[in-house]
Amino acid sequence: MHYTNGNYEAFVQAEKPKDVENKSAYIVGSGLASLATAVFLIRDAQMPGDKIHIFEELALPGGSMDGIYNPEKQAYIIRGGREMESHFETLWDLFRSIPSLENKDISVLDEFYRLNRKDPSYSKTRVIVNRGEELPTDGKLLLTPKAIKEIVDLVLTPEKDLQNKKINEVFSKEFFESNFWLYWSTMFAFEPWASAMEMRRYLMRFVQHIATLQNLSSLKFTKYNQYESLILPLVSYLKDHGVQFHYDTVVDNIIVNRSEGKKVATEIKLTENGKEKTIHLSEDDLVFVTNGSITESTTYGDNLHPASQEHKLGASWQLWKNLAAQDSDFGHPEKFYDNIPKANWVMSATITFKNNDIVPFIEKVNKKDPHSGSIVSSGPTTIKDSNWLLGYSISRQPHFRKQKPNELIVWLYGLYSDTKGNYVQKTMPECNGIELCEEWLYHMGVPEEKIAEMAHAATTIPQHMPYITSYFMPRALGDRPKVVPDNSKNLAFIGNFAETPRDTVFTTEYSVRTAMEAVYTLLDIDRGVPEVFASAFDVRMLLNAMYYLNDQKKLTDLELPLTEKLAIKGMLKKVKGTYIEELLKQYKLM
């Protein structure tokens, strides 16, 4: 496997690997990474679809990318949403090949591109306080020179020197008091205790977003929920190619023979519909494992009942434990599922409003008609003075194809689940659906005498997700297994708990990238994997970031010691009349 950039290899049809028709593939899980793996096996490795088996413990595919109407609860359920951007190189490489379900003549990428060109993301209100008022400093990052230096210092620190370090160990109080941290943490779901190593990757990977943190205009979103817009077209494509889906199937263990300097998966032990089975493997049988899951063991409540806080470890974590017990190259799952801090995000909720009582309040805050068909909040709207640090997202409505015209869906989450609310004197996990809805209505400025009535008229489903922040647990090198472990002949790890350089977890891109790298490595595909977007190596991105990190100040206006001011003045003299001066002017630094 090798990386590439540009379009020289982007349009190449890979040469068919030798004897691929004699090989089989077994894929554990049916989330985005698994479905992408199957597509790359068919499209690029030219493996017959009926040789590909996907094992899923649930009764339907999709993994964490869900979206469903629950008839028992008479409500829609979404556990989260996906923020996408132009430079998800492997994601778009995947979806250029998947036909749209609404128009078979175009791809999902074509559909997505046209939608976001016509209806681009733009948040008119990113942060509110005082029950629905716009934050007076919204749009300013408010980073002090010290905080900016800490950002630069982190980026310049090698990953090997950030092992097991937390964000609050590399940043001071000034940084955490900035709007930059407020925007950054609520957009990406970072907590102060999270991995400094992962924070560094995010800073380098998404430096191009610093200019748009306050309006989220670089983000892109699907027409409907991610399940209908992305997962169902993939499943349709795979079924058309004969891929075999095995539901209600738990993979308990994969036995790996480690001898003669090789690692070879020799058996898959699984339980299908309650019956234990063993699949014997040869080196021609490829195994792709989704190790771990952020939505494993999710529990649900309803209007009158909180979601249960009791949960078992879950099959995907147990499988990873069983694999890791065989070889240290297979990672250390306990670093991610064990000892997760209490001050974190574990709760989200889906509210289905069945009348228009909430509409005037949404229009006042977000300055958009939620029934216009246009994207409403363009990502999270953050409530800064919420004790839970509540955020909410309102996507294009309808968010489900079958959604009724009078229905409106709002998704809530809170980054601090261990504190009591401002209106409801309970922690988020202690709240039933009505109470979660009441807390949000309070912050939206709904008069207190109307809050109870509006919350009772809506249907709110609390969702307790014990591992939702586990991607960001402080970690060391080797805690995540390589996509293809050293000397592995037929076993690969896929998804956000596998390790690929430079890219960032908690993204659809990471899921697809690990899938592509796994297939391309095990089958030696004669085509390059698109490299991670090189934002941190692009001088234009860096200059633009410098301008916005300093709240749109020119170099000569920066608050710096006299010696540094004189140095900048001298530098600007030297570059006068050069290409460097042109660049500095183009990016408003002089």
Side-chain angles (χ1 to χ4, degrees), residues 27-36 54-70 73 75-83 188-189 191 194 222 225-232 234-235 247-251 289-301 306-321 333 336-338 340 344-350 391 393 399 411-415 417 428-429 436 461-473 480 493-498 505-512 514-515:
I27 305 172
V28 181
S30 68
L32 178 60
S34 295
L35 301 178
I54 297 178
F55 300 122
E56 171 54 54
E57 64 175 298
L58 302 177
L60 76 171
S64 298
M65 295 186 66
D66 57 5
I68 197 168
Y69 179 78
N70 186 308
K73 297 181 183 294
Y76 295 95
I77 299 175
I78 44 176
R79 286 181 290 189
R82 296 297 180 271
E83 300 165 346
F188 297 123
E191 310 272 359
T222 52
N225 62 85
Q226 59 218 6
Y227 185 77
E228 292 184 273
S229 290
L230 298 179
I231 296 299
L232 289 184
L234 284 171
V235 172
Y247 297 113
D248 300 307
T249 300
V250 174
V251 176
V289 178
T290 310
N291 53 311
S293 167
I294 57 169
T295 52
E296 185 83 77
S297 307
T298 300
T299 56
Y300 302 92
S308 172
Q309 297 180 55
E310 295 182 8
H311 59 85
K312 295 180 181 178
L313 185 59
S316 64
W317 291 103
Q318 189 60 54
L319 172 60
W320 189 7
K321 272 188 72 174
F336 301 97
Y337 71 74
D338 207 8
I340 299 173
N344 75 326
W345 169 31
V346 294
M347 291 297 302
S348 70
T350 314
S393 181
H399 195 46
W411 180 70
L412 302 182
Y413 71 104
L415 290 189
S417 301
M428 285 194 80
L436 291 174
I461 307 299
Q463 295 125 202
H464 187 267
M465 303 172 288
Y467 306 116
I468 193 68
T469 54
S470 54
Y471 288 151
F472 290 160
M473 288 291 284
R480 299 193 303 223
F493 292 93
I494 56 176
N496 285 252
F497 290 104
V505 294
F506 223 157
T507 61
T508 49
E509 173 70 357
Y510 201 95
S511 296
V512 177
T514 55

Determine the sole option in I27, I494, V28, V251 for which the side chain to side chain contact (heavy atoms under 4.5 Å, CB included) test with V289 is passed.
V28
Give, for atom CZ of R82 and atom OG1 of T508, the distance between the pair rounded to the nearest 0.5 Å.
7.5 Å
Keeping S30 on the side-chain end and E56 on the backbone end, is there a donor-acceptor pair under 3.5 Å?
no
Please report the shortest heavy-atom distance between S297 and P466, naming the atom on each side.
O-CD, 3.8 Å
CG/L35 to CD1/I231 distance, rounded to the nearest 0.5 angstrom?
5.0 Å
Compare every heavy atom of F506 with every heavy atom of A189, then report the nearest pair and how far apart it is.
CB-CE1, 4.3 Å
Can you tell me if S229 uses its side chain to pair, donor with acceptor, with the backbone of Q226 under 3.5 Å?
no
Any idea which heavy atoms bring P333 and W317 closest together, and the distance?
O-CZ3, 3.9 Å
Can you tell me how far the CD1 atom of I461 sits from the CH2 atom of W411, to the nearest 0.5 Å?
15.5 Å
So, does Q463 use its side chain to make a donor-acceptor pair with the main chain of A307 at under 3.5 Å?
no
Please evaluate residues I294 and Y471 with respect to the criterion side-chain contact (heavy atoms from CB on, under 4.5 Å), reporting the C-alpha separation (whole Å), side-chain torsions for both, the decisive distance (0.1 Å), and the verdict.
CA-CA 7 Å; I294 57 169; Y471 288 151; 3.3 Å; yes
Distance check, rounded to the nearest 0.5 Å: Y227 atom OH versus L234 atom CG?
11.0 Å
Would a distance-only check, ignoring hydrogens and angles, find a side-chain to backbone donor-acceptor pair under 3.5 Å from N225 to H399?
yes
I'd like to know if the side chain of K73 reaches the main chain of G301, judged simply by a donor and an acceptor atom lying under 3.5 Å from each other, with no hydrogens or angles considered.
yes
T350 (side chain) donor-acceptor with I78 (main chain) under 3.5 angstrom
yes
Take T222 and L230 through the side-chain contact (heavy atoms from CB on, under 4.5 Å) test and state the conclusion after the steps.
CA-CA 8 Å; T222 52; L230 298 179; 3.8 Å; yes
Residue that, paired with N496, satisfies side chain to side chain donor-acceptor pair (under 3.5 Å) out of S511, S64, S293
S511
Partners passing salt bridge (Lys or Arg N to Asp or Glu O under 4.0 Å) against E191 (at least two apart in sequence or in another chain)
none
Shortest non-hydrogen separation from P429 to P306 and the atoms involved
O-CB, 3.6 Å
Inter-residue atom distance N70.CG - I68.CD1, 0.5 Å rounding:
7.0 Å
Show, in sequence, the C-alpha distance, side-chain angles and deciding distance for F497 and F336, and conclude whether the ring pair (Phe, Tyr, Trp, His ring centres under 6.0 Å) test is met.
CA-CA 9 Å; F497 290 104; F336 301 97; 5.4 Å; yes
Verify whether the ring centers belonging to H311 and Y467 lie closer than 6.0 Å.
yes
Any sub-3.5 Å donor-acceptor pair from S417's side-chain atoms to V346's backbone N or O?
yes
The criterion is salt bridge (Lys or Arg N to Asp or Glu O under 4.0 Å); which residues satisfy it with R79, sequence neighbours excluded?
D66
If we ignore hydrogens and angles and just use 3.5 Å, is the side chain of Y300 paired with the main-chain N or O of H464 as donor and acceptor?
no
Kindly compute the distance separating OG1 (T514) from CZ (R480), expressed to the nearest 0.5 Å.
10.0 Å
Closest approach of E296 to L313 (non-hydrogen atoms, all atoms of both residues)
CG-O, 3.8 Å
Quick one: closest heavy-atom pair of T290 and G29, and the distance?
OG1-CA, 4.4 Å
Please check this pair: side chain of S348 against backbone of Y413, looking for a donor-acceptor N/O pair closer than 3.5 Å.
no
